[in-house]
Amino acid sequence: MNEIISAVGFCNRTGKGDLSSLDVSLREIADTGADACEIGIYGEEIISGGRLIEDRLQRVADITRHYPFKKLSLHGQIVSNFMDREHLGLQKKVVRAMLELCNRLEAGILVHHSGAARLADGENAADLDRMEREALAEMADIAGQYGVRIALENIFTTESGQYRQTPSQVAETVRSIGSDNVVALIDFSHAYIEATYRGLDFREQLRAMAPVTGHLHVHDSFGLPYSMKHFYHPAEATALGIGDLHLPIGWGDIPWEDIFSELTFLPDTTLIMEINAERFADQQPACLERARALATGLGFRAAA
């Protein structure tokens with residue numbers, strides 16, 4: 001599209017683990033005209049004990065080669081956490097396998113969640129930051145061998161007493177690694193929710209992340225933390241506007257045009273809309289058109 005945002009697309013519908021829905025979900029994205037796709041590979045039972053299962057991997061490769069997306073990314077495990085003291089070795093083992101999987105599938109991005117933990121006795125936040133940064137630096141070396149970018153995603157606080165980096169601190173972590181193979185991933189809704197929860201300036205947090213950002217997750221919300229957590233149907237959360245809703249662009253109150261009018265990102269950034277296809281497939285064409293307009297306007301401004 002342009003030198004900043006080079007492709008726009010959607011995440012696929014995460015499967016049940018048997019690969020039965022992968023082909024259909026990729027075809028749905030291709031049929032929208034999107035030129036980027038992010039596969040929720042964590043749901044497809046391809047890694048066992050940190051080892052790739054070869055026959056499953058080959059089946060995935062046979063499916064993905066039919067879809068000539070300009071940009072393909074893989075979403076690593078939701079539970080990936082380099083602040084997980086007890087399971088850090090296992091966590092790194094899985095990320096190594098995920099990076100190899102990216103290489104085998106010719107996916108240029110691995111999405112990795114920023115860490116979280118409760119502080120142990122005698123421990124401080126700097127200890128957790130150091131643990132995560134050392135693990136990321138180790139993975140960056142492996143990613144460099146494969147030509148893959150690890151995209152470190154900002155998350156929001158999920159429980160009381162949890163240590164979680166703010167979006168601006170995620171940016172600091174990326175800068176500290178100092179590798180072209182580790183970039184920030186701005187999830188705008190996550191940043192909005194965390195800024196509300198902590199009383200931070202949402203837009204300032206985005207400004208801090210943007211210069212080191214190479215991947216975007218776009219979906220709408222109202223930036224409201226989970227003051228309620230039990231809903232009988234997802235539509236009830238939508239109606240109330242509470243939580244990480246993954247809504248179509250324009251259904252929440254994130255000021256997309258204002259944000260994209262002032263920010264720029266690293267070259268060759270991919271914009272992925274994490275909009276639930278099972279609920280909002282009818283909204284995807286309009287979202288794709290609007291996202292491309294945002295990306296194109298950014299390109300014009302960057303060129304100027």
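Computed from heavy atoms alone, side chains included, the values below leave out hydrogens, waters and symmetry copies. Small disclaimer: the values here were computed from a predicted structure and weren't measured.
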Other residues, nucleotides and ligands only: do more than 12 of their heavy atoms fall within 6.0 Å of [atom1] on [X]?
{"X": "E236", "atom1": "CD", "value": "yes"}
{"X": "D201", "atom1": "CG", "value": "yes"}
{"X": "E289", "atom1": "CD", "value": "no"}

Check for a donor-acceptor pair, side chain of [X] on one end and backbone N or O of [Y] on the other, with a separation under 3.5 Å.
{"X": "T196", "Y": "G223", "result": "yes"}
{"X": "H246", "Y": "H219", "result": "no"}
{"X": "T32", "Y": "I29", "result": "yes"}
{"X": "Q91", "Y": "V79", "result": "yes"}
{"X": "D35", "Y": "F69", "result": "no"}
{"X": "S73", "Y": "L110", "result": "no"}
{"X": "N154", "Y": "P167", "result": "no"}

**Report entry** Ring centers of F260, F188 separated by less than 6.0 Å
**Finding:** yes
Query raised in the report: Which of these, N181, I150, V148, I177, sits in a side-chain contact (heavy atoms from CB on, under 4.5 Å) with M139?
Result: I150
Using a strict cut-off of less than 4.0 Å between a Lys/Arg side-chain nitrogen and an Asp/Glu carboxylate oxygen, indicate whether [X] and [Y] qualify as a salt bridge.
{"X": "R96", "Y": "E138", "value": "yes"}
{"X": "E204", "Y": "R207", "value": "yes"}
{"X": "D23", "Y": "R27", "value": "yes"}
{"X": "E100", "Y": "R104", "value": "yes"}

[Y] and [X] side chains, donor-acceptor separation under 3.5 Å:
{"X": "D244", "Y": "Y226", "answer": "no"}
{"X": "Y163", "Y": "D129", "answer": "yes"}
{"X": "D268", "Y": "S6", "answer": "yes"}

Report task. State, with a plain yes or no, whether a side-chain heavy atom of I272 is found less than 4.5 Å away from one of K71. Result -> no
Requested in this report: Take H75 and M98 through the side chain to side chain contact (heavy atoms under 4.5 Å, CB included) test and state the conclusion after the steps.
Outcome: CA-CA 9 Å; H75 198 304; M98 286 280 186; over 6 Å; no
Requested in this report: List the steps, then state whether salt bridge (charged side-chain N to carboxylate O under 4.0 Å, His left out) holds for R290 with E257.
Outcome: CA-CA 10 Å; R290 188 164 177 186; E257 280 74 16; 3.0 Å; yes
Report summary line: Only residue of E274, E38, E28 satisfying salt bridge (charged side-chain N to carboxylate O under 4.0 Å, His left out) with R13 is E28
Query raised in the report: Quick one: which of W256, W251, Y192 gives a side-chain hydrogen bond (donor to acceptor under 3.5 Å, both in side chains) with D220?
Result: W256
Requested in this report: Could you walk me through whether D62 and Q58 pass side chain to side chain donor-acceptor pair (under 3.5 Å), step by step?
Outcome: CA-CA 6 Å; D62 290 343; Q58 191 57 55; 3.0 Å; yes
